[in-house]
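For reference, the structure discussed in these notes is given below.
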Amino acid sequence: MRKRAAVLCGAAVVVAGSLTAVPAEAGTPRAPEPFHAAAPAWKKCGTDDYPTLQCASVEVPLDHTHPTGRKITLALSRVRHTAKKYQGPLLVNPGGPGGSGLTLAGFVASSLPEEVAAQYDVIGFDPRGVGASEPALDCAPDHFDPVRPDSVPTTPAVEQANLTRVRSFAAACGRKYADLLPYIDTTSAARDLDVIRRALGAKRINYFGYSYGTYLGAVYAKLFPERVRRLVLDSVVDPTEVWYDANLSQDHAFNDRHRAFMDWVARYDTAYGLGTDPEKIEARWYAMRAALRKNPAGGKVGAAELEDTYIPGGYYNGYWPYLAEAFSAYVNDKDAEPLIEAFEDFGAVDAAGDNGYSIYTAVECRDAGWPRDWSQWRKDNWEVYERAPFMTWNNAWYNASCAFWPTGSLRPERIRNSELPPALLFQATHDAATPYQGAATVHRLLDRSSLVVETGGGNHGITLSGNACLDRHLAAYLADGTVPRGSHGEADAVCAPLPDPKPLTSKAAPTTARGSTLHGLLGFRG
């Protein structure tokens, strides 16, 4: 969902095989009979950060159209309500697809005003195939091992190396999980939410989703509108671009955020010594990329890994000081150690990341149709790259296994909905992962929804992030259903963004920055 690259035009490229498009299948029909799971058996599983967390599991049908068939297990977490006034379960999802939601329950419960959180059972869950749910997918644990081929296919050999890699990932998923892949999709995950609702004994649920979690929530609301009590969507996916077009849109947005980072570095030349002209600073960044392509830092940070390291800067401006220090050290001091450390903090993929990426790919490839002719990908991504080089080709390869995916594709659910109570949407105008137009579209598609906009903001996942204006709207809605009804163009309410960060005054670890916790919860590029 973001990327960039180096240069090339008109080089001969290898056709990696053009496959006939797999016809899109109809959306999953309603289950003939709802599946009733046993009530969760909650046990203590508190952590130092969230000591009141409880954990449990619930069984759901693998195939909701055959509820008496094979079952799989979803992992749940809970922070129980403590107030006399009880408003039911609040299910929370961090996005991805592929993000684990177990810790998010603790984060949300501790970040909301205490008197509001106390009125809900805040329920986290790992969606099917994710984390502690069983079975959990991990198609190819070494897929992101460094050093990967350069993401920009400037020669036929580089393109072929990347194609071999993504085809291998798709084939590995097909070999290991042929029985599961047809059921790893957003509609199946939405039906899982209704099984959770019934297991909790709730007539209706409240739902709070970030990023991809906004699409999951909107699909649930379309399938079960009568089961929705409150619906909060933060950093909203455009349902009309699921998923191929959404990634191309992201490329432009992340390129803009990368240039905003260059502008910020230019303002602090006294701290970083990289100059005061953003365009010249950007040229130095691409020169660093070219050098790392030839000589990866520490044998692990090549051109593709550099992109992975700087992409999180498009999610959260609070990372900029750490990324700027690594950039400055490499360029000015010939010191690669801060860059290697930044890669390990922001770009490296661990076992949880391998699992999350496997689900990310499985869901997105199954949810909607993708071009099966590689020449279409090549054409589209070179066109975008010419205007937005930062992450275009990195993002293309991140998703390219969908060109060779071993299952057919479904048709995306149409989320237009006139049957819901008022929903509350939050969106930053300069969000790169979920560009602003997605929120504007969903605002139109959900009757009576209310849109709160952080004007000028570039962060992703903006509620409970320290912005008091946004959080007041969230707390009021969860307290008594109040939504703003203003006249701000498309928006019903407008909040100013948090100020940009300042250069670091100490070498504190980046995990101390607010936002790094939430960005970790938000998962992958959705």
Side-chain angles (χ1 to χ4, degrees), residues 22-41 55-77 89 91 93 96-98 100-102 123-139 170-203 205 207 215-217 219-227 355-356 358-369 405-413:
V22 176
E25 301 172 15
T28 307
R30 280 189 179 272
E33 291 291 339
F35 176 78
H36 294 277
C55 294
S57 62
V58 65
E59 282 193 336
V60 299
L62 175 64
D63 179 357
H64 282 279
T65 65
H66 295 91
T68 60
R70 179 181 174 185
K71 308 300 185 297
I72 58 175
T73 302
L74 305 183
L76 307 180
S77 64
L91 274 66
N93 180 269
S100 169
L102 299 184
I123 306 292
F125 61 97
D126 280 356
R128 52 176 54 205
V130 174
S133 293
E134 297 177 352
L137 275 62
D138 189 349
C139 296
C173 287
R175 285 193 305 271
K176 294 176 73 171
Y177 303 115
D179 57 333
L180 298 176
L181 293 184
Y183 308 104
I184 306 296
D185 59 85
T186 299
T187 301
S188 294
R191 294 192 181 282
D192 290 343
L193 297 186
D194 210 52
V195 176
I196 295 172
R197 176 193 64 78
R198 289 191 295 272
L200 295 173
K203 291 184 178 179
I205 64 167
Y207 180 89
Y215 183 61
L216 176 60
V219 170
Y220 177 81
K222 180 63 176 180
L223 296 175
F224 305 100
E226 72 284 1
R227 300 303 184 188
N355 164 244
S358 296
I359 293 296
Y360 169 91
T361 310
V363 170
E364 295 215 350
C365 296
R366 180 64 172 153
D367 264 1
W405 202 244
T407 70
S409 298
L410 303 171
R411 295 190 181 99
E413 298 283 352

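Residue numbers run from 1 in the order of the sequence given. All figures in this text were calculated on a predicted structure; none of them were measured in a lab.
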Side chain to side chain contact (heavy atoms under 4.5 Å, CB included) against [X], all qualifying residues, sequence neighbours excluded:
| X | value |
| --- | --- |
| Tyr183 | Leu62, Asp63, Arg128 |
| Cys173 | Cys139, Phe169, Leu181, Trp405 |
| Pro182 | Arg366, Thr407 |
| Ala189 | Leu216 |

Legend entry - Single hit among Asn93, Leu223, Leu91, Val219 for side chain to side chain contact (heavy atoms under 4.5 Å, CB included) with Leu193: Leu91
Minimum heavy-atom separation for [X] to [Y], with atom names?
| X | Y | value |
| --- | --- | --- |
| Pro40 | Ala56 | CB-CB, 3.6 Å |
| Gly98 | Val130 | O-CG1, 3.6 Å |
| Val58 | Ala199 | CG2-CB, 3.8 Å |
| Gly131 | Ala136 | O-CB, 3.5 Å |
| Asn355 | Leu137 | ND2-O, 2.6 Å |

Inset, instruction - Inspect the contact between Asp194 and Arg197 and indicate whether a charged nitrogen and a carboxylate oxygen are less than 4.0 angstrom apart. - result: yes
Inset, instruction - Under the side-chain hydrogen bond (donor to acceptor under 3.5 Å, both in side chains) rule, collect the residues that match up with Thr186, sequence neighbours excluded. - result: Tyr212, Asp367
Inset, instruction - Would you please name every residue forming a side-chain hydrogen bond (donor to acceptor under 3.5 Å, both in side chains) with Tyr215, sequence neighbours left out? - result: none
Legend entry - Thr187 side chain near His64 side chain, heavy-atom distance below 4.5 Å: no
Legend entry - For Asp138, all residues meeting salt bridge (Lys or Arg N to Asp or Glu O under 4.0 Å), sequence neighbours excluded: none
Legend entry - From CD1 (Ile196) to OH (Tyr220), nearest 0.5 Å: 9.5 Å
Legend entry - Under the ring-ring contact (aromatic ring centres under 6.0 Å, His included) test, residues paired with Phe125 that sit two or more places apart: none
Under 3.5 Å, side-chain donor or acceptor atoms of residues 70-77 against the rest of the protein: list the pairs with distances, not counting sequence neighbours.
| residue | atom | partner | partner atom | Å |
| --- | --- | --- | --- | --- |
| Arg70 | NH1 | Asp179 | OD2 | 2.6 |
| Lys71 | NZ | Pro67 | O | 3.3 |
| Lys71 | NZ | Thr68 | O | 3.4 |
| Lys71 | NZ | Gly69 | O | 2.5 |
| Ser77 | OG | Leu102 | O | 2.8 |
| Ser77 | OG | Gly124 | N | 3.4 |

Legend entry - Flag, side chain of Arg227 to backbone of Lys203, donor-acceptor distance under 3.5 Å: yes
